[in-house]
Every structure is written in structure tokens, then in C-alpha cells.
Amino acid sequence: MSISSFIFFSLPFENFTVLSAFGVMSNVRKSTRIIMKAEIYLAQCVESALKQAYDTEAKVVIEKPRQEAWGDFATTVALGLAKSLRTAPRVIADKIVENIKDEAHLLDKITVDGPGFINFTLSKSHWQSSVREIIGAGEKHGNDTWGNGKKINIEFVSANPTGPLNVVSARAAATGDVLVELLNKVGFAAEREYYINDAGRQIRLLGASVAARYLTLCGKNTAVPDEGYQGEYVIGLAEQLKAEHGEEFVELDDLERNARLSKLALEKMVALHKKVMEEYRVNYHTWFYESSLRKKDVHFKIVDELKSKNLTYEKDGALWFKSSEFGDAKDRVLVTKEGEPTYFMVDIAYHQDKFERGFETLYDLWGPDHHGYIDRVSAAMQALGYAKEKFNVRIIQQVNMLRDGELVKMSKRAGNIIEMNEVVQEVGIDAARFFFVMRKLDSPLDFDIDLAKKRSDENPVYYVQYAHARIVNVIQFANENGLELSLDADLSLLEANEEIALIRKLNEFPTVIGACARLMEVHHLPAYLMEVAAAFHSFYHNNRVVTDDRKLSEARMMLLEATRCVLLNGLKILRISAPDRM
RNA sequence: GCCCCUAUAGCUCAGUCGGAUAGAGCAGUGGUUUCCUAAACCAUGUGCCCCAGGUUCAAUUCCUGGUAGGGGCACCA
């Protein structure tokens, strides 16, 4: 992550609310400044210096140097221009530096190092004053507007209501939930959506399976169909339905009984899924029922549209879509020879429906077993006239559960899958959510159940939460000793190495949020929060907050409050609690 | 056979648009508390960045080809 920091201009800024555990900040004055990242300012400085020196334009990227000693920010622009300008990179770098006009007086030092890096060191006072601005921004710290209000739909989990949710859903749920939060933080209008496949063949199979178990319970031994659901939970469903409805379905003919039981079982499963998601703190904007599309025959209208574009044909009694004309490996069936619409066919209608509801871009989060399905949906969307980049899929790799250091073997057939709810209940919601967003989406995630349950320093969740609790405790202690948080504190007293290091870290928050949103990745945020916690703990250990030196204490209280703001903001995005005491 | 993902320290993993001496946590070792929470801090070692080519002033990063591991290739979802 590159460091980000702020420059303050005297422009009007909207009102804000201040986060505080104790309400001591209620008298805070309103900010009248707009926040701008230091990187953007530096990039502009370098760009105009470049124009001045060489009459050249180039995209200037400001990054964080590998070594802290080299400075706060750096750019390699001189290295990149060496060829086109036919000049040694160091010469270019020197000339750029000569032409830099630091109008905001932000810079303490600019050096040219190595083969031609330009390193910038910001003044201490800039870092110090950022503490006040972070507190002032409150929960808006890290917000941006580049999403421009664009409507984005993020569909995730969408597990079949034919069985309990497994651990992969827990990863997808945490990921999708946090992604939406991140996107909205940078100005998008992103929404969470869950698609419920409550129609079609699989649901009929569920009905038949429940019916078999139900009849068996009623004394009429019946086998579960070969392709049906064999899991224990089906017996549970049958038991519940028998308890609620007695034997009223026994005398019905098979078709009728299956249909009735299928409907009732489905309602129970969907209710269960909704409950698990709610307890996991995922609040979907939309629970979309496949049956609502089928009722309106929307999927047949899609077929008509594809037909009219001459993109379908009949073969072997089935109706095919020419998906290979849009990059799919082969054509796909829309209507089977039995005359049944495929899942795919309804799915096309579903995705188009999202567009018709006003979403400009769609993101689906799928498991690795669905990657082969991407091309055909993409093909369908293109066939219907939507640009390729409007439909996106992010594959979330698998989850391996580890217990006692051993991989827990899971098999659907053997019925020993680990349910999402079990894991969440066992390790706690905070730990589960944190662990499930810790890894890059492309990587399989090893979930160490024992580690997630540990209440010790090895567990990263507690490390971050402990930092927050510690801060709350110290501020409380300070209050008891007659110290109040005051925005007028003299921040120039924050000079210790640990203090500056912590402040610099706090200023990276907006950059981390931006990177997550831009890359559609969540794992940078928990990693960053661990860094903030580390910087804070280090500061805390080496510096007392509550001292005889009242001015210094007040300055340090400000630093603590700013740190608390960042931790709270970060945890809030992850929807993990920020405890006041541990 | 075809497609997707992965390969970096003993272990689990970061590493942004290719840049300066490749990082963190855990484990190991040694230390820190008359003091606001020790669920904490400090010190300490380790790397054919899977292999071979290519592009480039510069490759862990991009391209090609391998090797190994995981997943997927239905008129299921």
C-alpha cells in the first residue's frame, strides 16, 4: 500500500459526525476543509515540474518507498522517461526536482537516490495536523467519490435451498458483504443480492426426498430416489413436517404429496438460510426468487429474443443457444428434449432482470466449481446487447477446514460436510468473518478452527480488537484523571518515532480502502488493521499517555482517538465488533 | 485431452501500474511489567521468489513452454 495523507485547502466541507465512545467530542467544531490525498498533490507537483523542465507529459505514479528511511513517498517517473528523453534518469530526476514548486509547503525534503528515484519526505507538522483531520472526518475518513453513484449489483452465496449452507458460503458471504461496504465507501451505489433457486428439477428432487422420509416416518417404508438428497437434514425436515402436519399427506397421490412437501420444505430451508445470513450480519438488499421469473414467463421472452436474433437452433429435440459465437467453448441447451427450461435459460433472464432494475455493472461471486459456467452467461449477456465488461464473475477459491492441524475431510455423499452455521457458532462471528476475508480471493483458504477459537496473541482478531479496547480504557483512565479530549491540543508535541510511525499508518487508510475497491479484493483491509494495531501497541508500550505533562497528555489522547477512529471504521466495514473492554 | 486457480522463509501468507537491500504473522531463541489492560512490547536467523526460455535499462511481478498441487469440463445446479 502506498501511504496516503492529506492536504487541506480552505474550501467548504459538509457537516460530519464525530465518533466517540464517550461523547466528549460533541463540542467539536465543524471542518471547513476538503481533504486531498498527498499522493495526488505530489503527482501534480511532479507533472507540472516535468512540463516545465522537458515540456513533456507523463502519468506520474506516487508510491511508498520500500525502505522508510528513503522518505514518505517516491516516484520512478525519471527512470521511465530515460529512453524517450535520451537522458540519464538521474539527470532527469535532478531537473524535475529543481522545478518542483511546493505551494502547499508540505515537503521537508526531496532527494534523488539510486538509479533515479525521487524521494519525498513530508514535514512533521503535516503529519501532526493530520491527526485532527482524521478525528474530524470521523466515519467519513477514507471515503471517496470516484464511484460516482454508479449502481453495482453484487450477487453472492445464492446457495441452493436444497440443503444447509456450507463453509464456502461463509467465505463468500463475508467477502461479498465487505466488498459492497468498500464500494459504497468510495462512492458507488452497490447492493447485496441473493438468488434463490426455488424452482426446477432440484426442488422437485428435494420434495421427493422429503416425501420418502416422511412416508417412512409414517410407517410406509419408502426409498429416497437415487438422485435425491440423502443427507440427515432431510430426515429432520420430514420430522418437522410430520410434527406440524401429522399424517395428512400420506393419502395424497405421489405428485400432489411431493409438490406439497416440496413447497413446505423449501420454505423451511429458505427461512434457515436467511436466518444464518442475518446472524452472520449480512443484510441483503434483495432476496430474489427464481420462481418470480418463472411465474411471469420472462425466460421464454428471452428465448424469443434470442430466436429473433437467429441465435438458437434445434438439435436432438432440444433447443440450443449459439453461445460459441460469443466466446463460449460450445453451444448450450436452453430447453431440454423433455421440454424443461434449463437452469441456464432462467439464469439468463435473471441476469437481464438485474440490468433492467437499473444496475450498470454486475458482479457474481462464485465458487471454483462454477468457473466453466462463466463463458456461457457472459455470452448470453453479450447476445442480449450488454457490453462484455458489464457482467463480471469473481471466483472465490475453496475453503479447507483444519482441526488439530489436520485437514477435515468433507464429502457431500458421505454427508459429513461442515455447515456454515456450525463453524460460525463454534469460533464466533467476529473471528469467522475476520478469517474468511484474510486471504486473496484467488487463493484457497486454510481455516484453522483451533486458531480462530484461541483467545491469545496468536489470533489476529483479538490482536486488533484488543488495540481498540486498550484505547477506550486509556481514554477512560485519562478522563478519570481530569483530562478531556480537546481538539485544541498542541499536536506538535507528537514527536516520538512511534508517534509519527502510527500517524503515518493511520493516513494509509484511504489508500487501502481505495485499493480494495479498485481491485475487488478484501484481504488488504484486515492486514492493514493488524498493522495499525501493531503500530499502536508499539507506541503504547513506549510512551505513557496520562502523564504530569498535561499538554503532552492531551496531544496523545488525540492520537489515541484518531487511532480508535481508524480501527472502528475498519472493523465496521468488516462488520466485526470493536469492544470497549476485553 | 481442454479450461480455471495456486507455487515466495520451518509453517500460514503479503508483495499495487515491472524499479532501490524481497516483507509480515506464527513457530524457535533471548529479554521486558513497582507504570494508563502482558490478549502487549523489544531483540534475533533463514530465501535457486517451482524450472527453462523471452521482452526490458530493470522481472518475484509481463509473455511462452514445462513441472507439481487443487478445482472444473451434463439436455445438474
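Chain identifiers are assigned alphabetically (A, B, ...) following the order of the sequence lines, protein sequences preceding nucleic acid strands; residue numbering begins at 1 within each chain.
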Contact class for A/Lys440 (heavy atom, under 4.0 Å): base, sugar-phosphate, or nothing?
sugar-phosphate

Can you tell me if A/Ser443 uses its side chain to pair, donor with acceptor, with the backbone of A/Arg439 under 3.5 Å?
no

Any A/Ile418 side-chain heavy atom under 4.5 Å of A/Met401 side chain
yes

Base, sugar-phosphate, or nothing: which does A/Ala318 touch, judged by heavy atoms less than 4.0 Å apart?
base

For A/Gly80, answer base if it contacts any base atom (sugar-phosphate contacts may also be present), sugar-phosphate if it contacts only those atoms, and nothing otherwise; contact means non-hydrogen atoms under 4.0 Å.
base

Which part of the nucleic acid does A/Ala478 contact within heavy-atom distance under 4.0 Å: base, sugar-phosphate only, or nothing?
nothing

Of all the nucleotides listed (B/rC75, B/rG15, B/rA39), which has the minimum atom distance to the side chain of A/His524?
B/rG15

Strictly below 4.0 Å, heavy-atom distances to any atom of RNA chain B: list the hits from residues 373-380 of chain A, or just say none.
A/Tyr373

May I ask you to say what A/Asn543 touches in the nucleic acid, namely base, sugar-phosphate or nothing, with a heavy-atom cut-off under 4.0 Å?
base

For the side chain of A/Tyr462, counting heavy atoms from C-beta on, which of B/rA39, B/rC57, B/rU12 is nearest?
B/rA39

Phosphate OP1/OP2 of B/rA74: any A/Thr342 side-chain N/O under 4.0 Å:
no

What's A/Asp316 touching, base or sugar-phosphate or nothing? Going by heavy atoms closer than 4.0 Å.
base

Treating A/Arg90 as the side-chain partner and A/Val112 as the backbone partner, does any N or O pair qualify as donor plus acceptor under 3.5 Å?
yes

Any side-chain N or O of A/Arg470 under 4.0 Å from OP1/OP2 of B/rA38?
yes

With sugar-phosphate meaning primed atoms plus P, OP1 and OP2, does A/Arg332 contact a base, only sugar-phosphate, or nothing at under 4.0 Å between heavy atoms?
nothing

Here the distance between atom P of B/rC17 and atom CG of A/Leu79, to the nearest Å, is 18 Å

Whether A/Thr342 side chain and A/Met345 backbone form a donor-acceptor pair below 3.5 Å
yes

So A/Ser538, base contact, sugar-phosphate only, or nothing? Heavy-atom distance under 4.0 Å.
sugar-phosphate

Which residue lies more 5' along RNA chain B, comparing A/Asp369 with A/Gly317 via nearest heavy atoms
A/Asp369

Contact class for A/His370 vs. all strands (heavy atom < 4.0 Å): base, sugar-phosphate, or nothing?
base

In whole angstrom, what separates A/Leu319's CG from B/rA74's C1'?
17 Å

Nearest to side-chain heavy atoms of A/Arg439, which nucleotide of B/rC76, B/rU12, B/rC36:
B/rU12

Short side-chain N/O contact to B/rC57 OP1/OP2 from A/Lys83, under 4.0 Å:
yes

Cation-pi geometry met for A/Lys95 and A/Tyr54 (6.0 Å, 45°)
yes

To the nearest Å, give me how far apart OH (A/Tyr343) and C1' (B/rC75) are.
16 Å

What does the B/S/- profile of nucleotides 20-29 of chain B look like, 5' to 3', with a 4.0 Å heavy-atom cutoff to protein?
B--S--SS--

Below the 4.0 Å mark, does B/rC41 have OP1 or OP2 next to a side-chain nitrogen or oxygen of A/Tyr463?
yes

Where the side chain of A/His523 is defined as all heavy atoms beyond and including C-beta, which of B/rA77, B/rG72, B/rG15 is the nearest nucleotide?
B/rG15

A/Val333 vs A/Ala534, nearer the 5' end of RNA chain B by closest nucleotide:
A/Ala534

Side-chain heavy atoms of A/Phe120 within contact of A/Asp72, under 4.5 Å
no

If you draw a 6.0 Å radius around CD in A/Glu57, do more than 12 non-hydrogen atoms from other residues or ligands fall strictly inside?
no

In terms of side-chain heavy atoms, does A/Glu193 have a donor or acceptor partner in A/Tyr363 at a distance below 3.5 Å?
no

Look at the side chain of A/His541 and decide which nucleotide, out of B/rC41, B/rC36, B/rA39, has an atom nearest to it.
B/rC41

Whole angstrom is fine here: how far is it from OH in A/Tyr229 over to P in B/rC76?
13 Å

Expected output check: what is the dot-bracket annotation of RNA chain B, where ( ) and [ ] are pairs inside the strand (brackets for crossing ones), | is paired with another strand, and pairs are Watson-Crick or G-U under 3.5 Å?
(((((((..((((.....[...)))).(((((.......))))).....(((((..]....))))))))))))....

What about the rings of A/Tyr463 and A/His537, do their centers lie closer together than 6.0 Å?
yes

Respond yes when some side-chain nitrogen or oxygen of A/His537 is under 4.0 Å from OP1 or OP2 of B/rA38, and no when none is.
no

